[in-house]
Amino acid sequence: MREVVLTLPKMEGEHNLEIEVRINGKVDKLHYRVELVQWEENTPTTSDKIMTLRHRIKEYDKDWKLIQIGIPEKDKIPLVFRKMKE
């Protein structure tokens, strides 16, 4: 499947997105989730951050696929998941 890149405005918090597309006249819905991984410590090490991300991604609902790791901020990093076709 070819990918379409959408630029979303900066959003605070976690979100569920539903995008309706029409391809050759056929309508389909794509589902996305933006999840935030927040650091529990004030200044976790890079290694701690990587371990936290790996655990969160590995344990995430298998019906959803990680498609992007966002730009990290001081205390959090966004993850974007796409729901797999049923």
* Find out whether H15 and Y32 are in side-chain contact, i.e. whether some heavy atom of one side chain is under 4.5 Å from a heavy atom of the other. => no
* Structure fact -> Sorted by chain and residue number, the side-chain contact (heavy atoms from CB on, under 4.5 Å) partners of I57 (sequence neighbours excluded) come out as L66, I69, L79
* same_hphob_cluster(M51, I77) at 4.5 Å side-chain heavy-atom cutoff -> no
* Could you list all the salt bridge (charged side-chain N to carboxylate O under 4.0 Å, His left out) pairs where at least one residue sits in residues 58-71, not counting sequence neighbours? => none
* Asked: How many angstroms lie between atom NE2 of H31 and atom CG of L17, to the nearest 0.5 angstrom?
  -> 11.0 Å
* Hphob cluster co-occupancy, I23 + I19, side-chain heavy atoms under 4.5 angstrom -> yes
* Structure fact -> When rounded to the nearest 0.5 Å, the distance separating CH2 of W64 from CE of M84 is 11.0 Å
* Would you please name every residue forming a side-chain contact (heavy atoms from CB on, under 4.5 Å) with E14, sequence neighbours left out? => E35, L36, R56
* **Set of salt bridge (Lys or Arg N to Asp or Glu O under 4.0 Å) partners for K74, sequence neighbours left out** => none
* With side chains defined as the heavy atoms from C-beta onward, is the minimum distance between L53 and V37 less than 4.5 Å? -> yes
* Structure fact -> Sorted by chain and number, sequence neighbours left out, side-chain contact (heavy atoms from CB on, under 4.5 Å) with I50 holds for T46, R54
* Asked: side-chain hydrogen bond (donor to acceptor under 3.5 Å, both in side chains) with E73: which residues, sequence neighbours excluded?
  -> K10
* Structure fact -> Here the gap from K29 atom NZ to E20 atom CD, rounded to the nearest 0.5 Å, amounts to 5.5 Å
